[in-house]
Every structure is written in C-alpha cells, then in structure tokens.
Protein chains: 2
Amino acid sequence: MTTDTKNLNTESEILNAAKRIFQLKGMDGARMQEIADEANINKSLLHYYYRSKQLLFEAVFKSAFSLLAPQLNSVLNDDSPLFDKIRNFTNNYISFVVKHPYLPNFIIQELNKNPEFVKNLLAERHFPNIEKFSSQVDEQIAEGVIKPIKPTQLLINIIALNLFPFMAAPLLKGLLKVDDTTYRQLMEDRKTEVADFIINAIKL
Amino acid sequence: MTTDTKNLNTESEILNAAKRIFQLKGMDGARMQEIADEANINKSLLHYYYRSKQLLFEAVFKSAFSLLAPQLNSVLNDDSPLFDKIRNFTNNYISFVVKHPYLPNFIIQELNKNPEFVKNLLAERHFPNIEKFSSQVDEQIAEGVIKPIKPTQLLINIIALNLFPFMAAPLLKGLLKVDDTTYRQLMEDRKTEVADFIINAIKL
DNA sequence: GTCTATAGCCAGATAGAC
DNA sequence: GTCTATCTGGCTATAGAC
C-alpha cells in the first residue's frame, strides 16, 4: 500500500466516522475520542488531518449539505411538469432520507445554532435556486391548472411534509404509539401519499 | 422579603434562565455559568436548587413539554367539527410558536438524542391521545365529507406543516432569500393558508 | 504517517465561610 | 440561602519519539 493510498484511506475514514458521530450527537455532543474510535485510528491523527474539531466539523457539514442540496434542486430546477416534479421529489426524497436519516436534522440543527453559516452556503456554486420553480407555479396558476398559492408557501409545504416526519420521528412514534416497523411502513406509504396530498391541495 | 419568597423567586428565576439557555443551546451546548449569568445569581446556587445540570435540564424539558402538549391536545380532543379544528389549531399553534420559537426544536432535538425520554412522557397524565381524532376522521370519510386518508398520516401532515417552518427557519430564509421581516410575514400568512391547504387536500 | 504522553484549559460539582 | 475558593475530571490540542 502506497503512502498516498494510506493518506486517502485514513482521511476518508476519518471523514466518514466524523459524519456518523457529528450527525448523531451534534457539534457540542460529539467527542474527538469517539470519532477516533469509530474510525479505528489514533485520536491525534484527527488533528494531523483536520487541525481542529471545528475544521473537521465544517468539513462534515459542507459534505452533508452538498448531499442534501441536489435533492432540493431536483424539485426546483427540472423541466418536468409541476405535478410530476412533486411526485418525483416526494418519492426520491423519502428514499434518500431513509438512507441518511440523521442528515436533515443535523443540518437544520446546526444552522439554528449558527445562522451565519447560511451566508457561506449561499455563496456556494450549487446552492438551490427557486426562481424556476416560482415561475412554473405562477404559470400553472395563470393557466388555471392549480389554485392561487404563493410559490414560497407551496415550497415550504413540500419540504415540510417530506422532511418533518423524519426529524420528529421519536416524538411522532410516541404520539401515534407505533413501533419502529409500523413507522417505517408509514414513511414508505408517504412516498406516494404525500404527493397526492399536495396535488389535491392545489389542483383546481 | 421572607425566606420563602426568596426561595420561590430564585428557584423560578433559575428555571426561566435555564429554559432560555437550554432551548437556545441544547443540553450539550449550554453552560451552567451562562445560566447563572442569565439568572443573575451565583453558579453554586444552581446546584443548591437543582443538584446537577442533568436534573436542571430535566426540569426544563418537562416544563417545555407540558407547554407543548396542550397545544397538540387542542387538535385531538376537542368537540368541534374537523375543519374548524384544523383552522383553530393552525391559527392558535402558529401564534403559540411565534411566542416560543425555540421550543418545538428543543423538544424534538433532545428527543432525538434521547429517544428513551418518550417512555417517560407517555406515562404522563396529559400526554396527547389521538383516538378521538382518528375516529372523527374515519367518520368524515364514511360520511363522504373528506377523501380517504389514514388519520395518522393526516395528523403527521398537520403537525409537519405547522411545526417545520419554525424549526427550519434559518435554512428556509436562506433558500427563499428573504429577510426576517418577510419571513415573519410568511408565517403570519400561514395562520390561515395552512388550514386552507390541508382542507383543500382532503375535502371531496 | 502514526503513536504515546502530556500540556493546558474549562466545565460541573462541592466545601465551607458568612 | 448565598457567596468565594477550589477540587476533579474530561476534553482539545500539541510535543516529540519512532
């Protein structure tokens, strides 16, 4: 194994371990030792590769956001008709979150603690842009296909209906008194039901 | 001022300060010194009244949940017709969260870190019960007033549409590129628009 | 690049005077 | 009940050997 390979392996092992721990416990709750254990490496290597906990955290956060952003973009910048877009997004997004259950919560939580992070994200090349979505909604209203609704409100609703059930899973499981298997099935059903709900709400 | 009065004042000052700090920074991010400063008292008094950070946190968490629970109950256990219930809940709930903007996030976040807390909450006297809501939805479906929908899914949707925009405020502000004033106005508009959205989605 | 050992700091908690 | 002073442990970070 070459030195370069070791480099890449160790560095990405650290990043992957850090993702798991940070997303589970947050910046404040995570421990460098815990990340080292998760990556099966020595704690001082974390500092060798990423200098500080803060910088390691920022690497994780950026990586997490750049995984979520394309998901949002798929609703926003896509040429398909509005209803198809809503169906595809709901279906794809829920599949995505089932694979990364802690990711949306992590991003939203850390953005709440550091709202100034948003400024950095806005500058990123692939930050989602809502203009296309907005004009598409406005066109469909003008054409009499859907009821009048502010595109921003519709977008908030779409994101809320898809994200929230995963972020609030423990609370909702308790409230609905269902076990993990039943809850997973509810989420599976939402892949189509959420899109139906939204389309029924707006179609004329 | 009697000793008793001082007791009550100090103890409740601590609890109020702890609410503000814990809800803002979470269990891990909060510092006992910070809470003491916020309450304008000596740090060791925190331990005198609440023994440990953990116990103080639990007092705050219980108090926060017992503020949120009645809000949820108002959708669930109320005799008004379903559509009125949805309108009232949306209107009241958004007003409530405007006053306590960090509360839902705090509860959901800490429940995610400690899912076993839910067990304790379930045992509480005033834990929300969904049975009345469920049978009401099923009746309305049977009477042909609304489209078929699982009551659990409808409840998830109602809560999601009302809670999420506050939990994800920093992300949504960035995504929609709006300032605080505009965002507050969007939330104000949602007091009626969310109810319309939900009712349109389900009514036949 | 990877390890051990440790510096240096900070937070929660307690002892004890008043 | 409230204060000051201090203990104790744990955590980030670094120094330095290999």
Side-chain angles (χ1 to χ4, degrees), chain A residues 1-64 106 109-110 113-114 117, chain B residues 1-64 106 109-110 113-114 117:
Chain A
M1 190 186 276
T2 69
T3 299
D4 269 6
T5 319
K6 281 178 103 179
N7 257 342
L8 282 172
N9 281 347
T10 306
E11 193 165 343
S12 67
E13 277 302 312
I14 291 174
L15 194 64
N16 285 329
K19 277 183 198 173
R20 289 191 288 272
I21 301 296
F22 275 130
Q23 289 181 24
L24 214 57
K25 312 222 167 170
M27 169 66 180
D28 297 326
R31 294 291 160 254
M32 292 296 266
Q33 184 61 61
E34 214 177 351
I35 295 172
D37 293 347
E38 178 82 13
N40 279 308
I41 50 111
N42 190 282
K43 180 162 72 93
S44 57
L45 285 180
L46 300 181
H47 292 95
Y48 177 80
Y49 283 102
Y50 289 91
R51 262 200 80 75
S52 69
K53 183 183 182 182
Q54 181 64 30
L55 288 172
L56 176 55
F57 171 79
E58 284 169 21
V60 168
F61 186 83
K62 279 198 172 183
S63 161
F106 169 69
Q109 193 55 26
E110 299 299 334
K113 279 187 192 148
N114 287 337
F117 278 10
Chain B
M1 191 187 274
T2 70
T3 300
D4 269 9
T5 320
K6 281 178 102 179
N7 258 343
L8 282 172
N9 282 346
T10 305
E11 194 165 343
S12 67
E13 277 302 312
I14 291 174
L15 193 65
N16 285 330
K19 278 184 197 171
R20 288 190 290 272
I21 301 296
F22 274 130
Q23 288 182 24
L24 214 57
K25 312 222 167 170
M27 169 65 179
D28 297 326
R31 295 290 161 256
M32 294 296 265
Q33 184 61 60
E34 214 177 349
I35 296 172
D37 293 346
E38 177 82 13
N40 278 308
I41 50 110
N42 191 284
K43 180 162 73 96
S44 57
L45 284 180
L46 299 180
H47 292 94
Y48 178 78
Y49 282 103
Y50 290 91
R51 264 199 76 79
S52 71
K53 184 183 183 183
Q54 182 64 31
L55 288 172
L56 176 55
F57 171 79
E58 284 170 21
V60 168
F61 186 84
K62 278 198 173 183
S63 162
F106 169 70
Q109 194 54 27
E110 299 299 333
K113 280 187 192 148
N114 287 337
F117 279 8

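Order of the sequence lines sets the chain letters (A, B, ...), proteins ahead of strands, with each chain counted from 1.
- Across the protein-nucleic acid pair, Ile35(B) atom CD1 and dG12(C) atom C1' stand 11 Å apart, rounded to whole Å.
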Reading nucleotides 11-18 of chain D from 5' to 3' and marking B where a protein heavy atom lies under 4.0 Å of the base, S where only the sugar-phosphate is that close, and - otherwise, the string is SBBB----
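- To the nearest angstrom, P of dC3(C) lies 11 Å from CG of Leu46(A).
- Atom C1' of nucleotide dG12(C) and atom CG of Leu55(B) are separated by 13 Å, given to the nearest angstrom.
- Counting heavy atoms from C-beta on, the side chains of Lys19(B) and Asn16(B) come closer than 4.5 Å.
- Side-chain contact check for Tyr50(A) versus Leu15(A): some heavy-atom pair is nearer than 4.5 Å.
- Once rounded to the nearest 0.5 Å, the distance linking CD1 of Ile41(B) with OH of Tyr49(B) reads 8.5 Å.
- One interatomic measurement links the two molecules: OH of Tyr50(A) to P of dT2(C), which rounds to 13 Å at whole-angstrom precision.
- Taking atom CG of residue Leu45(B) and atom P of nucleotide dT4(D), one finds them 10 Å apart after rounding to whole Å.
- In this structure, His47(B) and Met32(B) have side chains that are in contact, with non-hydrogen atoms separated by less than 4.5 Å.
- The ring pair (Phe, Tyr, Trp, His ring centres under 6.0 Å) check on Phe57(B) picks up Phe22(B), Phe106(B), with sequence neighbours excluded.
- Atom pair Asp37(B):CG and dC10(C):P shows a separation of 15 Å (rounding to whole Å applied).
- Checking dC3(C), dT2(D), dT2(C) against the side-chain heavy atoms of Asn42(A) singles out dC3(C) as nearest.
- Of the charged side-chain nitrogens involved, at least one lies within less than 4.0 Å of a carboxylate oxygen, so that Lys113(B) and Asp28(B) count as a salt-bridged pair.
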